[in-house]
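What you see is a predicted model, and the numbers here were worked out from it, not measured in a lab.
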Amino acid sequence: MGDMDCSSQKIAKSDSIHHMSHSQGQPELPPLPASANEEPSGLYQTVMSHSFYPPLMQRTSWTLAAPFKEQHHHRGPSDSIANNYSLMAQDLKLKDLLKVYQPATINVPRDRTDQGLPSSGNRSSSEPMRKKTKFSSRNKEDSTRIKLAFKTSIFSPMKKEVKTSLTFPGSRPMSPEQQLDVMLQQEMEMGSKEKKPSESDLERYYYYLTNGIRKDMIAPEEGEVMVRISKLISNTLLTSPFLEPLMVVLVQEKENDYYCSLMKSIVDYILMDPMERKRLFIESIPRLFPQRVIRAPVPWHSVYRSAKKWNEEHLHTVNPMMLRLKELWFAEFRDLRFVRTAEILAGKLPLQPQEFWDVIQKHCLEVHQTLLNKWIPTCAQLFTSRKEHWIHFAPKSNYDSSRNIEEYFASVASFMSLQLRELVIKSLEDLVSLFMIHKDGNDFKEPYQEMKFFIPQLIMIKLEVSEPIIVFNPSFDGCWELIRDSFLEIIKNSNGIPKVESVLFPELKGYNLILGTVNAEEKLVSDFLIQTFKVFQKNQVGPRKYLNVYKKYDDLLDNTAEQNIAAFLKENHDIDDFVTKINAIKKRRNEIASMNITVPLAMFCLDATALNHDLCERAQNLKDHLIQFQVDVNRDTNTSICNQYSHIADKVSEVPANTKELVSLIEFLKKSSAVTVLKLRRQLRDASERLEFLMDYADLPYEDIKLNSTLFLWPDQIEDIFDNSRNFLLHKRDQAEMDLIKRYRESLGLFWK
């Protein structure tokens with residue numbers, strides 16, 4: 001039975017080694033039936049896992065962290081200790097070591113009798129004897145080789161490091177650039193020899209990093225490590241209840257990093273064995289980032305020290321006051337701008353040209369006052385309160401040189417000038433960005449659609465008439481001059497800021513005490529202007545193109561329409577022709593009145609109020625000219641008719657002086673009542689049509705209204721006058737006839753007598 005157990009164990013062991021060290025790329029066990037709802041057994045899962053990922057460490061061994069590859073060597077626990085990860089000593093065993101016996105000696109004092117001990121001449125039989133052994137040189141080399149082989153211990157895993165060995169000249173060290181060139185060259189050579197890991201290699205490598213080694217195989221971190229870390233942290237932070245959750249997270253993160261780094265070191269060291277890589281199907285692993293160290297001293301060390309010393313004594317770049325000035329600027333003046341573009345965009349847009357200029361001037365002046373009244377005095381206060389940082393540069397007596405203090409404040413002025421330049425440049429950039437909002441221009445496809453330009457415009461341009469064309473007010477040249485002056489206004493208000501020493505030492509005279517700033521002639525200013533001008537040019541297209549909307553009203557601008565009306569009035573036309581003409585002009589005027597009075601076009605907004613009003617006035621003048629012509633014609637015609645009626649009335653109302661006049665009046669009365677009045681009635685019909693026209697289109701003055709009333713009263717009045725005159729003339733005629741008969745009879749009586 002015992003032999004059978006041993007044989008079965010050998011078979012099981014052999015089977016285990018075969019199945020757990022040679023992956024077939026697919027499960028060796030048949031898949032479970034689909035109907036099986038139970039979870040697979042642990043043995044089934046283990047075999048399936050080992051089929052894909054051969055084990056890295058032994059699951060059961062006398063020692064912890066025993067690699068699986070040790071099973072091939074059939075070593076005992078003692079042979080595996082300190083031999084797990086060493087390729088050089090993988091074939092060594094304890095039985096091959098040379099046994100070394102150390103002699104045991106007993107040192108006997110000279111006066112042993114005083115202590116009650118036996119003398120040196122009487123040695124006990126049980127006293128160990130000192131054995132002395134001499135080793136040959138060969139034995140010494142073997143011993144050294146064995147000791148080196150046992151340097152790596154199972155409990156102290158090593159990390160794989162990429163070390164670059166540099167060969168330097170013996171007389172003079174290479175410069176940092178040369179050292180880096182050598183290191184890069186060696187890294188390239190190493191990289192050319194190593195194969196780049198594939199996706200499968202990376203996947204399997206990551207699997208063994210996370211699952212290849214159990215956590216209990218690694219010695220826990222010593223508690224003293226956390227004690228040393230805690231000593232480096234302020235006690236206030238350690239005892240803060242608010243930071244306690246963060247402390248727990250950081251401690252856990254430190255512990256995870258410890259175990260992860262050790263696991264990675266063990267895996268990397270095991271994978272140094274080519275046989276293990278082949279067994280685990282990992283051809284290559286990722287390379288660590290190389291550690292590059294520059295060897296000192298370097299050739300420029302002395303030059304650097306001398307330059308650093310000169311900078312500290314003359315340029316003062318490391319003086320504490322420079323840091324104070326920088327902190328002050330970033331704390332209080334970092335967001336300061338000569339033009340507050342965000343405020344402009346948030347305000348009422350678009351702005352009239354004068355309003356835009358007023359806003360620019362106001363913003364620039366406010367910042368100029370802030371720099372004068374706040375920045376410079378605050379900087380001076382810093383120097384006053386921290387004299388210990390710079391007072392040692394001042395001359396000790398009147399005979400000492402003031403060169404050091406002058407250099408110091410020149411350095412301060414340069415630093416503050418850079419801050420002022422930064423303010424100016426950022427202000428110019430913000431102003432450019434204000435116009436860059438409309439960098440796409442304002443060109444459009446006709447007809448114009450207002451909804452395409454929904455971004456608020458910046459500047460309002462008026463459209464006005466300068467016969468015979470439409471002009472922009474201000475012109476585009478004037479607009480560009482306004483924009484250019486806005487940039488120059490920023491630079492102008494950055495000038496005149498005094499240096500801090502002018503406040504600290506008011507008695508200073510004789511040299512420039514003004515901080516430097518951006519010059520208007522600098523290239524960066526011209527670059528900003530060129531960039532803005534390109535956007536400005538793109539935004540000229542839309543306004544010029546929009547003028548095409550007014551092309552059909554050119555006759556109103558060049559007086560062609562007035563000439564057409566004058567030619568129309570020279571001809572004879574009926575009232576209906578006047579009505580048609582006036583209605584056409586009225587329709588045209590309504591079209592003009594219904595046009596956009598504001599036309600948004602990206603950067604600019606056109607104000608067409610004055611233009612539309614002017615065109616409407618011109619159309620209205622044409623209409624009024626036609627109406628006034630009819631008013632004049634009506635007045636003249638009505639006056640003429642009334643005069644004719646009045647003449648007839650006066651004529652027929654005359655008293656005839658003789659028969660001849662009586663006969664003439666009777667004839668005139670007959671003709672007027674039969675012919676003239678009929679003609680006048682036809683003229684009255686025309687007058688009534690004109691009056692109806694004028695009541696629709698004109699506002700007649702009182703005199704014309706009175707004249708029209710008189711005109712239409714004449715027909716009835718003239719009939720009454722005719723009746724009265726007719727009766728009067730008949731009476732006169734009868735009276736004349738009676739007188740004639742009487743005279744005739746008288747003449748006959750004389751004759752008969």
Side-chain angles (χ1 to χ4, degrees), residues 316 319-344 347 354-387 389-391 393-394 405-432 434 482-522 524-525 528:
H316 312 287
N319 189 271
M321 289 306 300
M322 301 298 180
L323 180 60
R324 298 293 182 183
L325 293 175
K326 188 174 183 179
E327 291 175 347
L328 172 64
W329 181 265
F330 275 90
E332 300 186 23
F333 305 98
R334 176 180 56 186
D335 299 327
L336 193 65
R337 296 292 184 273
F338 278 98
V339 177
R340 300 186 292 275
T341 56
E343 183 177 328
I344 293 177
Q354 187 60 41
E355 293 176 347
F356 181 81
W357 177 244
D358 292 342
V359 170
I360 296 295
Q361 282 188 316
K362 176 185 176 183
H363 289 188
C364 291
L365 183 60
E366 289 177 356
V367 175
H368 183 81
Q369 295 298 326
T370 301
L371 295 175
L372 283 179
N373 302 329
K374 187 176 181 181
W375 182 45
I376 297 300
T378 307
C379 292
Q381 182 62 31
L382 284 177
F383 281 92
T384 303
S385 60
R386 292 176 173 81
K387 290 184 178 181
H389 296 314
W390 60 273
I391 197 65
F393 294 110
I405 193 69
E406 290 177 0
E407 287 185 352
Y408 176 76
F409 278 105
S411 202
V412 171
S414 298
F415 184 75
M416 296 180 67
S417 296
L418 290 176
Q419 292 178 329
L420 184 58
R421 280 182 61 88
E422 179 187 7
L423 170 60
V424 174
I425 292 173
K426 288 187 176 181
S427 298
L428 294 175
E429 290 176 348
D430 286 357
L431 189 56
V432 171
L434 180 65
L482 174 65
I483 295 173
R484 184 194 61 197
D485 290 346
S486 301
F487 285 89
L488 299 180
E489 186 70 12
I490 293 176
I491 299 175
K492 174 184 174 182
N493 282 272
S494 66
N495 291 320
I497 306 300
K499 297 179 180 178
V500 70
E501 58 263 35
S502 65
V503 180
L504 295 174
F505 312 107
E507 65 277 4
L508 284 178
K509 294 180 180 179
Y511 68 100
N512 186 15
L513 294 176
I514 302 299
L515 291 177
T517 181
V518 176
N519 192 341
E521 304 299 327
E522 290 186 31
L524 66 92
V525 178
F528 287 145

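The aromatic rings of F393 and Y408 sit parallel, their planes meeting at an angle under 30°, below the 60° perpendicular limit.
Classification of R421 and E522 as a salt-bridged pair holds, one side-chain N sitting under 4.0 Å from a carboxylate O.
Going from atom NE2 of H316 over to atom OG of S414 covers 10.5 Å, rounded to the nearest 0.5 Å. Atom CD in E489 sits 10.5 Å away from atom NE2 in H368 (nearest 0.5 Å). Between the CG atom of L488 and the CG atom of L428 there is a distance of 9.5 Å, given to the nearest 0.5 Å. The line from CG of L365 to OG1 of T370 is 9.5 Å long, rounded to the nearest 0.5 Å.
For the pair S486 and W357, the tightest heavy-atom approach, listed with the atom from each and the gap, is N-CZ3, 3.9 Å. The minimum heavy-atom distance linking E429 with F528 is given by the pair CG-CZ, 3.6 Å. Nearest approach of H363 to I344, heavy atoms of both residues: CE1-CG1, 4.0 Å. Between G516 and S417, the shortest heavy-atom contact is N-OG, 3.1 Å. Taking every heavy atom of both residues into account, S494 and L420 meet most closely at O-CD2, 3.6 Å. Nearest heavy atoms, G496 versus L372: O-CD2, 3.9 Å.
Side chain of W390 to backbone of F383: a donor-acceptor contact under 3.5 angstrom is found. Between the K499 side chain and the N512 main chain, a donor and an acceptor come within less than 3.5 Å of each other.
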Could you go through I360 and V339, starting from their C-alpha distance and side-chain angles, then the distance that decides it, and tell me whether this counts as side-chain contact (heavy atoms from CB on, under 4.5 Å)? CA-CA 6 Å; I360 296 295; V339 177; 3.8 Å; yes

Stepwise, does the side-chain contact (heavy atoms from CB on, under 4.5 Å) test hold for V359 with E355? CA-CA 6 Å; V359 170; E355 293 176 347; 5.5 Å; no

Please assess M416 against I497 for the test side-chain contact (heavy atoms from CB on, under 4.5 Å), listing each intermediate value before the final yes or no. CA-CA 10 Å; M416 296 180 67; I497 306 300; over 6 Å; no

Step-by-step side-chain contact (heavy atoms from CB on, under 4.5 Å) determination, L504 to T384: CA-CA 8 Å; L504 295 174; T384 303; 3.5 Å; yes

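If you run side chain to side chain contact (heavy atoms under 4.5 Å, CB included) between L371 and each of I376, N493, L423, L515, only L423 comes through.
The side-chain heavy atoms of F487 and V432, taken from C-beta on, include a pair separated by under 4.5 Å. Two residues are said to be in side-chain contact when any heavy atoms from C-beta on lie closer than 4.5 Å; C379 and L325 meet this criterion. E422 is not listed as a side-chain neighbour of I425, based on a closest heavy-atom distance of 4.5 Å or more. Proximity of K374 to T378: side-chain heavy atoms (C-beta onward) are separated by under 4.5 Å at one or more points.
Partners of H389 by side chain to side chain contact (heavy atoms under 4.5 Å, CB included), not counting sequence neighbours, listed by chain and number: N319, P320, M321, R386.
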Side-chain donor-acceptor distances from residues 328-337 under 3.5 Å, at least two apart:
| from | atom 1 | to | atom 2 | distance (Å) |
| --- | --- | --- | --- | --- |
| R337 | NE | D430 | OD2 | 3.1 |
| R337 | NH1 | R334 | O | 3.1 |

